[in-house]
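What follows is one structure encoded as structure tokens, with my remarks underneath.
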Amino acid sequence: MEGNRAYYTLPLFRYTNFVRFLVFLDGVVCVALWLAGGRTQYLEDNVVHFDFYRSVFELACLSLLRMCLLFHFFTRIEEISMKLLDEPYDRGLIKKRQAYYVSAIFFTLLSTAYAVTKGVFVLHEESYKEMHSTYVAVCIASLVFSVLELLLALAFLRMARRLQVMRIVHRYNSDGQEIDEEGNTIKKKVNLRRLFVMARDEWWILGLGGIALLVSSASNMMAPLFFSFVVDAALTSIEKVNHTVLVLLLIYIGGAIAAFFRSWLFTLAGMRFVARLREELFAAIIKNEIAFFDTTRTGELTNRLASDTGVVQNTVTVNISMLFRYLLQIVGSLSIMFVLSAKLTGVLLSCVPIVSIGAVVYGKYVQGIQKAFQDELATASTVAEESISSVRTVRMFSGEDKSKREYNVSIDKSYGYGKKLALAGGGFNGIVGVVAFGAIVLVLWYGAKLVIMEKEHPGTGLTIGTLTGFMMYTLNVAMAFAFISALYGDFMKALGASERIFELLDRKSEVNISGGKVLDGLDGGILFKNVTFTYPSRPDNEVLKEVSFSVEPGKVVALVGPSGGGKSTIVSLIERFYDPDSGTILLGGQDLSTLDPRWFRQQISMVSQEPTLFACTIKENIAYGREATDEEVEEAARQANAHQFITEFEEGYETMVGERGVRLSGGQKQRVAIARSLIMNPSILLLDEATSALDAESEHLVQEAIDRAMKGRTVLVIAHRLSTVRNASEVVVIDKGRIAERGTHEDLLHKGGVYKKLVLRQLSAGHGHVMPPINADTADIEEEGSQEGSEGSNESNGTER
Ligand SMILES: Nc1ncnc2c1ncn2[C@@H]1O[C@H](COP(=O)(O)OP(=O)(O)OP(=O)(O)O)[C@@H](O)[C@H]1O
């Protein structure tokens, strides 16, 4: 798909659909009236011995024909009119439309003429007196529909012109997502159907569960009937009672077994579905580009994985089974109740509209509060997660009270909505209770009246047994209604949750995690050509401006510059965490965006200042990037000066690190991270030297490991140490997103620009780091003479370490 596309649709409530509906009604009404008009013999006679004055068979056929033809004509006229809006001078289309229009009018005119003629003859001959009443109705209906359709057909062209203002435009971007006029993507409409389609793999389990559901529902339906038989049998003989009770018992046992299967199978399907959904959702989340994670809170994502999927799980399985169960229960019970006593059922049904209206109004109100309640709860859990995961920082700044306050604000808000929910729930239950029990009492009173009538005039009322059964069915129906109204809330909740899930599932990552060219080898050269970049999360802040530089294969280039200048951003771009806004980045002479990210990330290793280790064993951490043997892991650890401290742990390489394991020191962590990089044997090494001071011994070990790692590789290092910049082939000074200076350490010192200021500032601070928190613009420059003097002495301080 290339570029934006646009489609038009029409609103549902429009002229054509109204005409279509009428034409459909015409066909159905005329045929139904004709069929309802008598016994089979009579119908046959009507066809075989056709009599123009008395038969209406041809009117029913004519009506069916009208239905088919007019449906087709009107649909085509509308379609052509839509096309003509975009191509108003297409003569072919105009002629076609005229042909359909004339045909529609001609046909409706003919059929009106026929209906009028028939009506006149029927009236004149007074044959309507001998016709079945529904046949007379067919004549009238046919006349009315024909005239109506003729009028509507005449007005159709005029209405077709209004399509221009009625049509709704839908624009789609190149990814196939619907967008609005400003180009923002419009959220896809979610419906439960999509959820059910997703549960495709579970359909067979649901099918089996459905069979069990039918059996258990049938048992539920039959039980009250046999209950009433038992009561009536009690008035006759014990044998009859024994027999009926036995049957009742069998019905209950069968129902219980079916209920077990129903419950097991539907729950199982739900579990399977949610497990798969979680896997898919996690895969969809983790594949997103880094910019997505910059703008989305972790708490929100984990919430979707854990709770939204849980809400959806029940909907497509357990809830849908309950819905069917209760619907069956209502339909089945009401049918049996009709058979038992139509009068009593009529009394009961008269109460239903009152309860239903109340349920709908309540449902709408609760839905709104429920959403607000969930939103506040989600905010609260995000606050909680952030505070708990950064508990050290919280403790450091004694921020417990602040975190508590933030959490409490959200919880208090959600409690506010919770209070409203509780009141609404209570009120509804109370009111529905009064109405529902009122209805039951009414039915009981009327039923008792019928029992008395039966006693006085047998055959006119109800037996006690039937009334008992009837009351049980009434309770069945009432319970089913109550559960269905509760299910309605669950379905609404699931709709909300599925909307959030689908939003993530449908999201297309702007930077794919795999796919693209794989080269035979990588020579390690890096080239930045006029790269400009802005973080998507901060669109008004251009971080890199027209940056161009290169790193020759096998060389070491040092990036230096004031904090916030854009050094780490350059490294992120090489890892293709983000794509530049303009300009190109070449890796081994190839445009980075054409290379397979999975492949080139194997060729690049990065060691950052504060590496993150996963909550698993040291061995697993070192072999995170690829499968490796124990020997390879050990060798990498030796190279990284980590072997010794690892073997000093009781469990050696199997020692758990991270949240629930041992806490490694900063230097140890760095060395494990270096081993993790070395095991990949990368062509390119991206290094962010530590600014945080390690103790001398630790720094020495880390530095030694880094020096070893750098050998024979292309290295881009964000340098903080003077020794590093001195040994680099080139130093690139990045200041406010631009390259301020480039050259060797000596060249740049002689130049006397930003770099020199940085070095002097650092040296005057008395340590060998070249970097933050210096800001070149504000750095005070010491007197030239004293600077030169101090430079020499301090420099050696810096490099001797
Ligand atoms: N993920 C991000 N989203 C938005 N802005 C960011 C992001 N990361 C960095 N920035 C901004 O980009 C600018 C450059 O940041 P960068 O981390 O590249 O600087 P740096 O030179 O590496 O600084 P330091 O030496 O302090 O690490 C800064 O203004 C920073 O606020």
Side-chain angles (χ1 to χ4, degrees), residues 285-286 288-298 300-301 386 390 509-511 526 528 531-549 551 557-583 585 592 604 606-612 666 670 673 685-694 706 715-722 724-725 728 730-742 748 753-755 757-759 761-762 765 767-779:
I285 292 175
I286 203 81
N288 279 301
E289 74 278 4
I290 300 289
F292 168 79
F293 296 98
D294 286 347
T295 47
T296 319
R297 300 177 93 169
T298 318
E300 197 190 315
L301 294 176
E386 269 180 6
S390 327
S509 174
E510 285 177 16
V511 182
I526 304 170
F528 268 59
V531 171
T532 300
F533 176 70
T534 312
Y535 280 100
S537 52
R538 283 175 64 193
D540 48 349
N541 179 27
E542 203 170 69
V543 178
L544 295 182
K545 302 168 184 110
E546 304 267 322
V547 170
S548 300
F549 71 93
V551 187
V557 169
L559 289 178
V560 298
S563 176
K567 302 177 295 293
S568 308
T569 307
I570 289 179
V571 170
S572 300
L573 289 179
I574 298 174
E575 285 273 11
R576 208 175 161 214
F577 289 162
Y578 308 91
D579 275 339
D581 302 336
S582 64
I585 301 168
L592 193 61
I604 302 176
M606 173 158 180
V607 181
S608 56
Q609 287 190 27
E610 282 155 21
T612 315
Q670 273 191 343
L685 196 63
L686 304 174
L687 272 176
D688 192 354
E689 278 190 336
T691 44
S692 51
L694 300 172
I706 286 181
V715 182
L716 186 68
V717 50
I718 299 178
H720 302 294
R721 296 170 51 86
L722 208 46
T724 313
V725 273
E730 190 178 26
V731 179
V732 178
V733 185
I734 308 284
D735 185 14
K736 295 193 192 110
R738 288 186 193 282
I739 296 195
E741 284 167 6
R742 280 175 68 176
L748 293 181
V754 180
Y755 182 73
K757 286 181 201 166
L758 284 172
V759 173
R761 168 80 169 187
Q762 206 61 47
H767 50 77
H769 288 170
V770 188
M771 271 292 300
I774 303 166
N775 183 323
D777 289 340
T778 53

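This chain uses plain numbering: 1 for the first residue, then up along the sequence. Every number for a ligand or one of its atoms is a count from 1 in the order of the listing.
Using a 4.5 Å heavy-atom threshold, the side chains of Val557 and Val715 count as separate. Contact check for Phe528 versus Ile739: no side-chain heavy atoms found under the 4.5 Å cut-off. In this structure, Ile574 and Ile526 have side chains that are in contact, with non-hydrogen atoms separated by less than 4.5 Å. Contact check for Arg742 versus Phe549: side-chain heavy atoms found under the 4.5 Å cut-off.
When non-hydrogen atoms are compared, ligand 1 lies under 4.0 Å from the side chain of Ser537 (C-beta onward) but not from its backbone. Only the side chain of Asp294 comes within 4.0 Å of ligand 1, judged by heavy-atom distances. Proximity of Lys567 to ligand 1, defined as any heavy-atom pair under 4.0 Å, is shared by backbone and side chain alike.
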All N/O donor-acceptor pairs, side-chain side in residues 531-541, below 3.5 Å, sequence neighbours left out:
from	atom 1	to	atom 2	distance (Å)
Thr532	OG1	Glu546	N	3.1
Thr534	OG1	Asp581	OD2	2.8
Tyr535	OH	Thr569	OG1	2.9

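For atom 16 (P) of ligand 1, the nearest non-hydrogen atom from the set Leu544, Ile570, Thr569, Leu559 belongs to Thr569. Among Pro539, Ser572, Gly566, the residue whose heavy atom lies nearest to atom 21 (O) of ligand 1 is Gly566.
Ligand 1 has Asn541 within reach: a non-hydrogen atom of the residue lies less than 4.0 Å from it.
Taking only nitrogen or oxygen atoms, main chain and side chain alike, Gly564 reaches within less than 3.5 Å of ligand 1.
Interface of Tyr578 with ligand 1, defined as ligand atoms under 4.0 Å from a residue heavy atom, comprises 1 (N).
Note: Leu573 CG to Leu592 CG = 9.0 Å, rounded to the nearest 0.5 Å.
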